[in-house]
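I have placed the structure first, in the form of structure tokens, so that the comments after it can refer back to it.
Chain letters run A, B, ... following the sequence lines, proteins first, then strands; residues in each count from 1. Just so it is clear, the values below take in all heavy atoms, side chains as well, and ignore hydrogens, waters and symmetry mates.
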2 protein chains.
Amino acid sequence: MQQRDTRQRAAIKRAFAQAQRPLGPKEVLDLAGAEVPKLGIATVYRNIKSLLEQDELQAVEVPGGQTRYQIPRAERTHLFICQKTDRVYVIQPKLDELQLNLPDGYQLQEAQLICYGLGPEA
Amino acid sequence: MQQRDTRQRAAIKRAFAQAQRPLGPKEVLDLAGAEVPKLGIATVYRNIKSLLEQDELQAVEVPGGQTRYQIPRAERTHLFICQKTDRVYVIQPKLDELQLNLPDGYQLQEAQLICYGLGPEA
DNA sequence: TTAACTGCAAACCCTTTGCACGGTG
DNA sequence: CACCGTGCAAAGGGTTTGCAGTTAA
């Protein structure tokens, strides 16, 4: 599945490369759309999908919000969600000696911390 | 805004009272629908909404999934999500000495832990 | 009786898909 | 020139709303 190098795809990749945080489809449309005027939301979704399949992007799921996407990170992504702007940021808490107290019958695979408050762009 | 005591509303409240975990609208429809055969999904949504407004229910937002609802809890709700059944459970980890390492410019309001693995009903 | 509630279907929002046109290689 | 990718519009899934009929009080 070869990929063609279109203006749209380039602008979308640039948006992710320049953003310092995970982006939702609409945010991508706004950022990339500034460079490619008639960019359609369907194109954004299709490019995100193909970038995901090629591991050039990674999904970042958010409680009660649309899925965001980012350039892949090795470690699990812990989040800080701005309650004012709704923007999502990645943080790196120390979860090492976390006491989970899971009841019997629960088998842990992984844990993620989600923080809420005001972010740097609030 | 007085509330009438309908079979539908009673069955929906019963579903939440009996469930040991947060429920999504479809789960409520299945549980309450067993008692009230022609129960419609719109009725479930409307009752959830009015129960939320009366603080008889609380929303539980989940990453990349539909919002679940539960009878309100005083403490912040930390979650365990079963990767097999998609069911959501409430857990009570010790987050006391958690080191957040938030960068400057971030103002923390609250933190929530979300665990993934296999739950008791998997 | 009568106003609130329900069920059905249509409306909405976000995401995906179909199709004809346009642009890359 | 052959196709893939794009834009537009329609189709899908989950949630909300409009409306006429039903039911609690």
Checklist entry - In chain order, what residues pass the salt bridge (charged side-chain N to carboxylate O under 4.0 Å, His left out) check against A:E35, with sequence neighbours excluded? => result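 Partners of A:E35 by the salt bridge (charged side-chain N to carboxylate O under 4.0 Å, His left out) criterion, ordered by chain and then number, come out as A:R14.
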
Mind calculating the distance between [atom1] ([X]) and [atom2] ([N]) to the nearest angstrom?
{"X": "B:I12", "N": "C:dC5", "atom1": "CD1", "atom2": "C1'", "answer": "11 Å"}
{"X": "B:R9", "N": "C:dT6", "atom1": "CZ", "atom2": "P", "answer": "8 Å"}
{"X": "B:R46", "N": "D:dG14", "atom1": "CZ", "atom2": "P", "answer": "18 Å"}
{"X": "B:I41", "N": "C:dC8", "atom1": "CD1", "atom2": "P", "answer": "12 Å"}
{"X": "B:Q54", "N": "C:dC5", "atom1": "CD", "atom2": "C1'", "answer": "14 Å"}
{"X": "B:L29", "N": "C:dG7", "atom1": "CG", "atom2": "C1'", "answer": "12 Å"}
{"X": "B:Y69", "N": "D:dG14", "atom1": "OH", "atom2": "P", "answer": "14 Å"}
{"X": "A:E53", "N": "C:dT16", "atom1": "CD", "atom2": "C1'", "answer": "13 Å"}

Checklist entry - In Å, rounded to the nearest 0.5 Å, how long is the span from CG of A:N47 to CD of A:E56? => result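 Answer for the CG-CD pair, A:N47 versus A:E56, is 10.0 Å.
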
Checklist outcome for this item: Between A:N47 and B:K26, the residue closer to the 5' end of DNA chain D by nearest nucleotide is A:N47

Is [X] reaching over with its side chain to a backbone N or O of [Y], donor-acceptor style, under 3.5 angstrom?
{"X": "A:R9", "Y": "A:R7", "result": "no"}
{"X": "A:R73", "Y": "A:I71", "result": "no"}
{"X": "B:Q112", "Y": "B:T77", "result": "yes"}

Filtered N/O pairs between nucleotides 21-25 of chain D and protein, under 3.5 Å:
residue: D:dA24; atom: N3; partner: B:R4; partner atom: NH1; Å: 3.2
residue: D:dA25; atom: OP1; partner: B:D5; partner atom: N; Å: 3.1

Checklist entry - Which part of the nucleic acid, if any, lies within reach of A:L39 when heavy atoms closer than 4.0 Å are counted: base, sugar-phosphate only, or nothing? => result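 Sugar-phosphate contact only - A:L39 comes under 4.0 Å of backbone atoms but never of a base.
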
Next on the checklist: With a 4.0 Å cutoff (strictly under), does any side-chain N or O of A:Q8 reach OP1 or OP2 of C:dG23?
Outcome noted: no

Checklist entry - Hey, does the side chain of A:K49 come within less than 4.0 Å of C:dT17's phosphate (OP1/OP2), counting only N and O? => result yes

Checklist entry - Under a 4.0 Å N-O cut-off, is there an ion pair linking B:D86 with B:R68? => result yes

Checklist entry - Who passes ring-ring contact (aromatic ring centres under 6.0 Å, His included) against B:Y89, sequence neighbours left out? => result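 B:Y89 satisfies ring-ring contact (aromatic ring centres under 6.0 Å, His included) with A:Y106 once adjacent residues are dropped.
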
Next on the checklist: By nearest atom, which of the nucleotides D:dT17, D:dG7, C:dG7 is closest to the B:A42 side chain?
Outcome noted: D:dT17

